[in-house]
K.L.:
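My structure is below; once you've seen it, I'll send some questions.
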Amino acid sequence: MRAQIIEAFGETDVFRLTSRPEPLPGPGEVVVALAATSINPVDYKLRRYGPSIAPALPAILGCDVAGTVVAVGAGVADFKAGDEVYGCAGGVAGVSGGSYAEFIAADARLLAHKPSSLTMREAAALPLVTITAWEALDRAGVGAGTSVVIHGGAGGVGHIAIQLAKARGATVFATVSSDEKAAIAERLGADHVINYRVEGVADYVARLTGGRGFDVVFDATGGDDIATSFAAARLNGHVVTIVSQYDADLSPMHTKGLSLHVVFMLIPMLHDIGREAHGRLLRRAAALAETGKLRPLIDPETFALEDLPRAHQKAEAGRALGKIVVTIATG
Amino acid sequence: MPGTMKAIVIPRFGGPDVFELREVPVEAVGPRQVRVRVHATAVNPLDYQIRRGDYVDYVPLPAIIGHDISGVVEEIGSDVDEFAVGDEVYYTPKIFGGPGSYAEQHVADVEYVGRKPQNISHLEAASLTLVGGTVWEAFVERAQLKVGETILIHGGAGGVGTIAMQIAKAIGARVITTARARDHEFVRSLGADEAIDFTTEDYVEAVARLTDGEGVNVVFDTIGGDALTRSPLALAAFGRVVSLVDLAQPQNLIEAWGKNAAYHFVFTRQNRGKLDSLTRLVERGLVKPVIGATLPLARMAEAHELLENGTARGLRGKVVIDVRGETVDLPTTR
């Protein structure tokens with residue numbers, strides 16, 4: 001099969017399009033013929049920095065999978081050859097393959113049937129960001145009537161979080177950096193959209209919550225401005241972040257009695273604990289997609305497997321609007 | 001009544017020497033308030049933090065501080081039917097919400113007041129309210145500690161730790177605590193399953209040893225410093241850290257990310273239901289007050305000095321204040 005492999009960590013020139021043997025399904029695994037994958041920040045961070053959660057070299061990176069089952073390993077009951085599936089199933093330590101290839105042997109517990117209402121490209125955009133956003137909302141206890149502000153509302157995780165929070169009956173606020181992104185966040189269902197370059201946190205907390213603060217603040221930007229999230233939260237509120245590689249002054253959390261949730265969705269893959277939860281979650285996400293409540297935002301530029309270095313460059317430079325999807329097979 | 005009462009007043013922020021014993025007016029009782037004859041109060045780290053000026057924006061001077069009361073209702077407001085004159089009560093006064101407990105009388109909204117457990121004295125009851133309410137908030141409402149989970153409680157011999165260990169045991173958790181070797185027998189008597197001598201072994205390594213490398217489900221941080229940064233090293237995946245500590249310096253959370261961790265910051269909040277649940281545990285004998293020293297109201301400065309130097313003085317458990325009487329009981333040097 002064709003695969004993009006890396007033999008060292010570094011810039012995008014470490015990718016080498018090469019021929020590799022097709023994988024065979026181990027116990028509990030299925031082999032998926034990939035139709036598409038998508039780029040997530042963890043992909044280019046692993047490519048650039050390597051350990052400790054990167055797969056051993058030489059490696060095939062890539063987490064998100066959408067494709068068709070072609071072979072089924074021992075003990076797999078939920079899938080059969082020909083099933084269209086999606087999942088976050090590769091590209092890190094602890095799992096056997098990556099999605100930057102024509103085939104992957106994937107742990108069946110990490111997969112779900114692809115929603116029929118979505119194309120393969122659309123399905124490939126969803127798994128990692130959907131699991132992340134879902135877990136974030138769960139951890140913070142977002143439900144009907146919760147007021148939640150999502151920072152980075154047009155980003156990879158943020159645009160999914162808006163839709164999932166709406167589906168739970170929450171009142172959804174989103175912050176974005178431009179009018180173009182504001183229009184996207186509104187189209188996805190945000191009740192109130194804030195351009196944070198125009199209106200500061202103290203001002204929108206006063207205007208939209210009467211100064212009380214939001215029940216839940218979800219920083220989906222991947223940035224290090226946690227102070228703004230603390231400022232936006234109400235007393236005893238919840239703050240969720242998806243990155244933590246920075247020093248932060250946590251003292252506002254004390255006086256406000258906040259809870260901070262640091263969401264890292266790769267743990268089931270890295271350590272083989274609770275993988276069933278990911279498959280279960282993607283089945284529920286598929287049901288939302290079938291009813292039109294969940295759809296991905298996809299950058300219009302198209303990429304094929306041989307274009308992967310360029311796709312990584314665009315994602316890493318922050319130039320994409322929505323997820324970057326890489327088409328692996330058309331058909 | 002209302003007449004006057006003795007109270008310990010701080011006219012300015014500073015060391016324990018700022019305290020003045022004064023005769024001050026007793027507040028009038030509102031329709032949904034009760035006036036309580038204070039029999040006992042207690043001293044908390046929050047008290048000396050306020051005294052030294054950590055919360056100047058919240059505390060107008062001169063101030064009567066203090067966050068624990070056990071006493072007897074002497075007067076009820078016109079719309080109070082939950083309590084009668086003569087009822088024994090214990091509670092934490094509203095924090096940053098008016099006069100505190102270092103006084104002979106206290107007027108409180110009924111929402112803050114709970115019935116005192118029948119099987120303990122006023123001195124014992126006063127030792128429990130802020131600590132018990134805080135630990136309840138931390139374990140039950142925030143970290144949601146569950147039966148069968150493992151918790152690391154820093155400082156098991158201290159005023160918070162002694163109660164935290166007992167509540168964690170009542171919940172059905174396995175309790176690992178840190179304490180000096182001289183206190184190991186003591187913390188085990190309160191329910192600790194394992195005790196780590198933090199003066200000779202790093203707690204992260206000790207937890208790895210005691211949990212076969214899995215880590216604990218919950219870390220209860222009462223020590224500050226770099227505990228927030230290091231605690232995830234002792235955590236199992238999906239673990240929770242609960243902290244009572246106000247942090248001066250920035251903290252790095254990278255280890256928390258690797259554990260998918262949650263941090264809960266508890267700055268005690270209050271409702272009567274919380275103390276009523278604690279009361280039931282006390283009356284069933286599952287939580288026993290631990291008093292390390294007793295002093296009369298007039299010796300408040302000494303009480304603060306003792307708490308601030310608790311380790312050197314061999315203090316175990318709470319410093320309580322006998323407001324009605326003159327009890328003096330100080331720790332023996334260990």
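No experiment lies behind these values; they were computed from the predicted model shown. Per chain, numbering begins at 1; letters A, B, ... match sequence-line order.
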K.L.:
Testing the basics here: between A/G257 and B/R142, what is the closest heavy-atom pair and its distance to 0.1 Å?
P.N.:
O-NH2, 2.7 Å
K.L.:
Between A/L258 and chain B, which part of the residue has a heavy atom less than 4.5 Å away: side chain, backbone, both or neither?
P.N.:
backbone
K.L.:
Does anything in residues 137-149 of chain A reach chain B? List residues with heavy atoms under 4.5 Å apart, or say none.
P.N.:
A/R139
K.L.:
Can you tell me how far apart CD (B/E137) and CG (A/N236) are? Round to the nearest 0.5 Å.
P.N.:
6.0 Å
K.L.:
Could you have a look at A/I53, A/L260, A/I273 and say which one has the most heavy-atom pairs with chain B under 4.5 angstrom?
P.N.:
A/L260
K.L.:
Count the heavy atoms belonging to other residues, nucleotides or ligands that lie under 6.0 Å from CZ of B/F96, then report whether that count exceeds 12.
P.N.:
yes
K.L.:
Atom CZ in B/F265, atom CG in A/L250: separation rounded to 0.5 Å?
P.N.:
4.5 Å
K.L.:
How long is the straight-line distance from CD of A/E135 back to CZ of B/F238, given to the nearest 0.5 Å?
P.N.:
5.5 Å
K.L.:
Does A/E29 have any side chain to side chain donor-acceptor pair (under 3.5 Å) partners at least two apart in sequence or in another chain, and if so, which?
P.N.:
A/S96
K.L.:
Flag yes if more than 12 heavy atoms outside B/E214 fall under 6.0 Å of its CD atom; otherwise flag no.
P.N.:
no
K.L.:
Mind checking what makes side chain to side chain donor-acceptor pair (under 3.5 Å) contact with B/S101, not counting sequence neighbours?
P.N.:
B/T41
K.L.:
Test of understanding: with side chain to side chain donor-acceptor pair (under 3.5 Å), list the residues that count as partners of B/R240, not counting sequence neighbours.
P.N.:
B/E149
K.L.:
Answer yes or no: are there more than 12 heavy-atom neighbours, outside A/R284 itself, under 6.0 Å from its atom CZ?
P.N.:
no
K.L.:
Would you check, one step at a time, whether the test side-chain contact (heavy atoms from CB on, under 4.5 Å) holds for B/N260 with A/V262?
P.N.:
CA-CA 6 Å; B/N260 210 14; A/V262 183; over 6 Å; no
K.L.:
Write down the atom of A/M253, the atom of B/Y263, and the distance for their closest heavy-atom approach.
P.N.:
CE-O, 4.5 Å
